[in-house]
Amino acid sequence: MAAKKRPTTPTQKPSSPATLDRLALAQLMRLMERRGVSELEYEDEAYKLRLVRGATASTSVVTMPAPASLPAVAPPPAEASDDHGGEFVTSPFVGTFYRSPSPEAPSFVEKGSLVKPGQTLCIVEAMKLMNEIEAEFGGTITDVLVENGKAVEFGQRLFKIKR
Amino acid sequence: MNDLDPARLVAAMGDPRRRVDVRASTGSTQDDARAAAGDGAQAGSVFVADAQSSGRGRQGRVWSAPAGSALLASVLLAPRVEPRALPRLSLVVGLAVARACAARATSEIGVKWPNDVEARGRKLAGVLVEASFRGREAAHVVAGFGVNVRRASLPDDVAGRATSLEDEGARSLDRGELLAEIVRDLFGLLLPAFERDGLAPLLGELRARDVARGRLVEGDSVRGVALGLDDDGALRVSTERGPVAVQAGEVRFVSAG
């Protein structure tokens, strides 16, 4: 949310303020609040400003922080290892985590399940895109880290697998 | 099923190399497409059936249809988008189906977020997109859609909440033409635009067709007035604790009474 000041140039409009004071910033933020604007980007010769409202992660099942709070280039949602030899399967996007293909069906895997490469571990659903997360390698599920039906964030750890 | 003649379909889709599988009946075109993907079928392949006994809706719900009554098809996709943007594809497919329906029906065709195609508040078509991920790559993406074409496609228990192209005044009920139009629009126009510029070029039409905006809706853990689609395709809902962006699950309309 920093307003960066660059050297002024002859093309700069005279009306552009030399610095963006705290009062102006506070006014902008209030305006965003009132109008329900979640994100505002502004750029001119002197400033590049980006304001994002509600950037703290919500605990609610279907909410997510404003997208601008995430890095522009996404880190790959691949398995990341921890110190104890297990590797984590993470969510490729924001969505809802399902452990079975339908509410009546048994879970794809349980803690202790031995999985083969390519075996379906769970579904992460977003915008009615049902995404089956498959095991990249074989191993034993040592932990199921999310409850069925819960919201998951991008990159959130879903399972721990030990090769 | 004369309207699903394979040679005519391939010709109408405008690409002689496109694989088009037509079956008299199947369990689910979605399963047919996934099996073919496993056997190396190319993106762009189309799987269609005259009748379907165990078509899938969201979370294992069944979408069945008697012979000749509905357009039941699945297409294989290989969208060149980053994984995080993949769910938005669901909106793109819904839009392709909605546009083809709109070109036929005399009533206004809307989309209930994320991709239920509606007319006069009744469901006309449904879309389900299934993908699989291994590591950081989407292994395959299959988009299935069912369009109620004739009145007979509607089981009694949903007849009050559903409609068909026939009910919406469509002059042509030719499923082959409908499918070819969806495929041409999706692969020729909407998908390339989405791969190049994301949802931005499609947001205007998605918003114009959004039937949720301004209505009281209820999702899995959210209740409030729908404000419309944000730039990422999520449904913004004004709730007691402020606006939230609904990313997943379904929303239901709540009557104000």
Side-chain angles (χ1 to χ4, degrees), chain A residues 33 36-39 53-54 58-68 70 73-79 89-98 100-105 117-137 149-155, chain B residues 30 34 38 56-62 82-91 93-94 113-116 126-143 219-222 227 230-239 241-251:
Chain A
E33 186 83 44
V37 175
S38 59
E39 189 180 338
R53 208 155 58 84
S58 164
T59 50
S60 156
V61 172
V62 289
T63 60
M64 69 170 252
L70 296 166
V73 177
E79 282 85 5
V89 179
T90 60
S91 179
F93 43 66
V94 176
T96 305
F97 173 81
Y98 292 107
S100 63
S102 68
E104 303 79 31
Q119 186 172 335
T120 301
L121 305 175
C122 66
I123 289 173
V124 175
E125 181 261 353
M127 297 188 198
K128 234 163 98 184
L129 181 131
M130 316 303 289
N131 188 63
E132 293 183 355
I133 311 291
E134 300 177 352
E136 205 176 358
F137 48 82
K150 293 289 180 200
V152 290
E153 297 292 327
F154 166 72
Chain B
Q30 202 71 351
R34 283 161 56 123
R56 278 198 305 280
R58 191 173 165 273
Q59 272 285 286
R61 282 175 220 155
V62 176
E82 63 164 325
R84 282 172 56 187
L86 197 62
R88 296 167 202 165
L89 182 65
S90 195
L91 307 180
V93 178
W113 187 90
N115 57 22
D116 279 346
V127 173
L128 181 72
V129 185
E130 295 178 303
S132 66
F133 257 79
R134 195 180 304 181
R136 60 196 67 180
E137 294 289 325
H140 65 251
V141 182
V142 179
D220 291 345
S221 75
V222 65
L227 300 170
D230 71 12
D231 290 352
D232 295 321
L235 183 66
R236 280 169 54 77
V237 177
S238 170
T239 71
R241 55 179 201 278
V244 299
V246 179
Q247 300 280 346
E250 275 181 299
V251 294

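Order of the sequence lines fixes the chain letters, A, B, ..., with proteins taken first and strands second; residue numbering starts at 1 for each chain.
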*Asks:* So which part of B:Pro114 gets closer than 4.5 Å to some heavy atom of chain A, the side chain, the backbone, both or neither?
*Replies:* side chain
*Asks:* Quick check: closest heavy atoms across B:Ala248 and A:Thr96, and the distance to 0.1 Å?
*Replies:*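 Minimum heavy-atom separation between B:Ala248 and A:Thr96: CB-OG1, 3.1 Å.
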*Asks:* Please assess A:Lys128 against B:Asp116 for the test side chain to side chain contact (heavy atoms under 4.5 Å, CB included), listing each intermediate value before the final yes or no.
*Replies:* CA-CA 10 Å; A:Lys128 234 163 98 184; B:Asp116 279 346; 2.7 Å; yes
*Asks:* Could you state the interatomic distance from SG (A:Cys122) to CZ (B:Phe133), rounded to the nearest 0.5 Å?
*Replies:*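 One finds 11.5 Å between SG of A:Cys122 and CZ of B:Phe133.
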*Asks:* Hey, is the main chain of A:Met127 close enough, under 3.5 Å, to the side chain of B:Ser90 for a donor-acceptor pair?
*Replies:* yes
*Asks:* B:Leu235 versus chain A, heavy atoms under 4.5 Å apart: side chain, backbone, both or neither?
*Replies:*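 Neither part.
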*Asks:* For chain B, which of A:Ala105, A:Gly118, A:Pro117 has the most heavy-atom pairs under 4.5 Å?
*Replies:*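 Most pairs with chain B among the choices: A:Gly118.
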*Asks:* What pairs with A:Asn131 under side-chain hydrogen bond (donor to acceptor under 3.5 Å, both in side chains), at least two apart in sequence or on another chain?
*Replies:*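 Counting only residues at least two positions away or on another chain, A:Asn131 forms no side-chain hydrogen bond (donor to acceptor under 3.5 Å, both in side chains).
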*Asks:* Measure the spacing between CD of A:Gln119 and CZ of B:Arg134 and express it to the nearest 0.5 Å.
*Replies:*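 If we round to the nearest 0.5 Å, A:Gln119:CD and B:Arg134:CZ are 10.5 Å apart.
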*Asks:* Not counting sequence neighbours, which residues clear side-chain hydrogen bond (donor to acceptor under 3.5 Å, both in side chains) with A:Thr120? List them please.
*Replies:*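 Per chain and number, A:Thr120 pairs via side-chain hydrogen bond (donor to acceptor under 3.5 Å, both in side chains) with A:Glu132.
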